[in-house]
Each structure stands twice: as structure tokens, then as C-alpha cells.
Amino acid sequence: MTLIAAGFVMLLTSAPADELTADEVLQTYRLRWQVELAFKRLKSGMGIHKLPARDERLARSWLTAHLILALMIDDASPTFSTLPPVKTKPRTAQSLSLWRLHSLLRSEILNAILMVMRPGKILTRVTEIIRHVCDHQDGAKTNPPQQG
């Protein structure tokens, strides 16, 4: 029965059947799940849950800056996620990890903002960036690139 149930998506809702169709419930759930994933990325990848400021104006500035950075990362992500897998060994390729991509993009964008690295240099490092945000097939993680 477990194997049969694995072929279905089961959702419970308190919405009346005459207000939402099954497709609308699924669409709403998928949207809700994307919001959950966005908050998880903000918390784990951006550290937004560790608000360092107590003053309301400082806290608002800090949050605004982090949300702008998150939007910049989201804007840059499709560019990198559509690139083909990088071959590291004969006949093997690494798959792209969205969490590692966001982490590395955050680092690279902050470096560009802080002028540690010229913004144009980021684009010249695409191959290196992809190599470092991918997981090896055996599950081992690659080390992030050194600042330079």
C-alpha cells in the first residue's frame, strides 16, 4: 500500500470544495512551498534570522540590504542554473546544487559590492563558480574558491 500511495499527492485543506478545485489547492500548495523555500534560503543562506541590530531603523536598514542582496542572487541564479554540468573526470559530471549556488553568489556579489573583486571579473569566473557549486556524484562537496 505504501508503494501505491507513493504515486499520489495527498493534501488536506479546510477550504470548502465549492470555493477551491483540487487543481487550485495544488497550485496554492506549490506556491506556499516556494515561499517556505525562499524563507529557508533567507535564514540559512543569508543569516536573516540573526538580526544584529536592536534599533528599529538599523534593523530595517539591515533587513532591506539583505533583501536587496537576496533579490540580486535570485536574479543571477537562472543564468548559472541553466549552464550544463561541468565535467570533472572522464565521463562524469557534477550536478548543480541550488543551495551552494546561492551561497557562492552571495559571496561573489558581496565581494563586488565591497570592491574586493571588480564586478566584471565575476563573469570571467563562471566555469570556476559552477565547478565549486556542484556536488560530486559520490556526494562529496567541493571546497569554495579562495578569495583573489
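Nearest heavy-atom pair across L26 and L11 is CD2-CD1, 3.5 Å. Considering all non-hydrogen atoms of both residues, W62 and G47 come closest at CH2-O, 3.5 Å. Among all heavy-atom pairs drawn from A59 and A53, the shortest one is N-CB, 3.6 Å.
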query = H66 and L42: side-chain contact (heavy atoms from CB on, under 4.5 Å), yes or no, with the steps?
reply = CA-CA 8 Å; H66 279 74; L42 286 171; over 6 Å; no
message = With side-chain contact (heavy atoms from CB on, under 4.5 Å) as the criterion, how do T28 and T13 come out once you've worked through the C-alpha distance, each side chain's angles and the decisive distance to 0.1 Å?
response = CA-CA 11 Å; T28 303; T13 180; over 6 Å; no
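Side-chain contact between I73 and L69 is present, with at least one heavy-atom pair separated by less than 4.5 Å. For the pair M46 and R41, the minimum side-chain heavy-atom distance is 4.5 Å or more.
In this structure, R54 places its CZ atom where only 12 or fewer heavy-atom neighbours from other residues, nucleotides or ligands lie under 6.0 Å away. By the 6.0 Å contact criterion, CD on E56 is open, its count of non-hydrogen atoms from other residues, nucleotides or ligands being 12 or less. The environment of CD1 in I4 is sparse: at most 12 heavy-atom neighbours from other residues, nucleotides or ligands sit within 6.0 Å.
Taking CD1 of I109 as the reference point, atom CD1 of I68 lies at 12.0 Å (rounded to 0.5 Å). Atom NE2 of residue H49 and atom CZ of residue F39 lie 13.5 Å apart, to the nearest 0.5 angstrom. Rounded to the nearest 0.5 Å, atoms CD (E19) and CD (E24) are 10.0 Å apart.
L63 and L71 sit in two unconnected hydrophobic clusters of ILVMFWY residues. Membership requires side-chain heavy atoms under 4.5 Å apart, directly or through other members. When hydrophobic clusters are built by joining Ile, Leu, Val, Met, Phe, Trp and Tyr residues whose side-chain heavy atoms come closer than 4.5 Å, directly or via intermediates, L67 is not grouped with L58.
For Q34 (side chain) and L31 (main-chain N/O), no donor-acceptor pair under 3.5 Å exists by modelled atom type.
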